[in-house]
Amino acid sequence: SAFFGLPNKIVNPAQAVILLGIDTLKALVLYIQVFSEYKSAQGLKYFSIEDLWLHSMLTGQLAKEITQSVTDEKESMDNALIAGILHDLGKLLLLEMPCYYEELADYTKEKECGILEAEYALLGTSHAEVGAYFLGLWGITEPVIEAVAFHHHPSQYDHKEFSALTAVHVADALLGRDNYASVDVDTAHLQSLNLTGKLEKWAECCENLKKRDLRNE
């Protein structure tokens, strides 16, 4: 409840639907279910379930705050939150491939490249597209699927309006700045939307969010 900024604790599913909305609840159920399937992945040398969970929660919350600074439309904020939570779902699904993350780590070290480049080299696709495809099968709304699919390359998506895609891309990039797998903010995309002036404020929101202990919320 605290994570969503709600004044009271949610005590039953009906209340959750009313306060969060069916789409947000559906996304949470999906993500929790998928995470539960991969509990056995705890302790992997090159993959941390706990770190991925925390990053997903942070990205969802920051994407929502970014959206809130641009529009007061609840649907837009909900889409940003959902897409942020689900944006790295593909990384979990790729655990189905034995030794994949060991191969990924070896490739990035050998080629001195980023994880995304290594994914395309090894798979011909990335965790972003894998996650988006799965969400499409599960009936998640289109703006969320678009945000998940293009969150690393928003300029590749032919859409010239602010959406969950922009919010999730910026949130993911800002949160990854102190991480070896970080990606740069697509400034060309922000310029096309006349939003570069907001980046400094969003970075401040990111730093404030990092100070919260979301593991206990």
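A 4.5 Å side-chain heavy-atom check between Leu123 and Leu94 finds at least one atom pair inside the cut-off. For the pair Glu117 and Thr108, the minimum side-chain heavy-atom distance is 4.5 Å or more. Contact annotation: the side chain of Leu89 never approaches that of Val148 to less than 4.5 Å [non-hydrogen atoms, C-beta and beyond]. Annotation: side chain of Lys210 is in contact with side chain of Leu175 (closest heavy-atom distance under 4.5 Å). Residues Val170 and Lys198 form no side-chain contact, since every pair of their non-hydrogen atoms from C-beta on lies 4.5 Å or further apart. Looking at Leu92 and Phe47, their side chains come closer than 4.5 Å, going by heavy atoms from C-beta outward.
In the hydrophobic clustering of ILVMFWY residues, with side-chain heavy atoms under 4.5 Å counting as a link, Leu62 and Leu195 come out together.
The aromatic rings of His169 and His189 lie perpendicular to each other, with more than 60° between the two planes, well past the 30° mark. Ring geometry for Trp202 versus Phe162: interplanar angle of 30 to 60°, hence tilted.
Between the side chains of Asp186 and His153, not a single donor N or O lies within less than 3.5 Å of an accepting N or O.
Contact detail for Ala63 and Ala171: the closest heavy-atom pair is N-CB, 3.8 Å.
Around the CD atom of Glu75, the shell of radius 6.0 Å holds no more than 12 heavy atoms that belong to other residues, nucleotides or ligands.
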*asked:* His87 vs His55, test: side chain to side chain contact (heavy atoms under 4.5 Å, CB included). Steps then yes/no.
replied: CA-CA 10 Å; His87 78 288; His55 175 70; 3.2 Å; yes
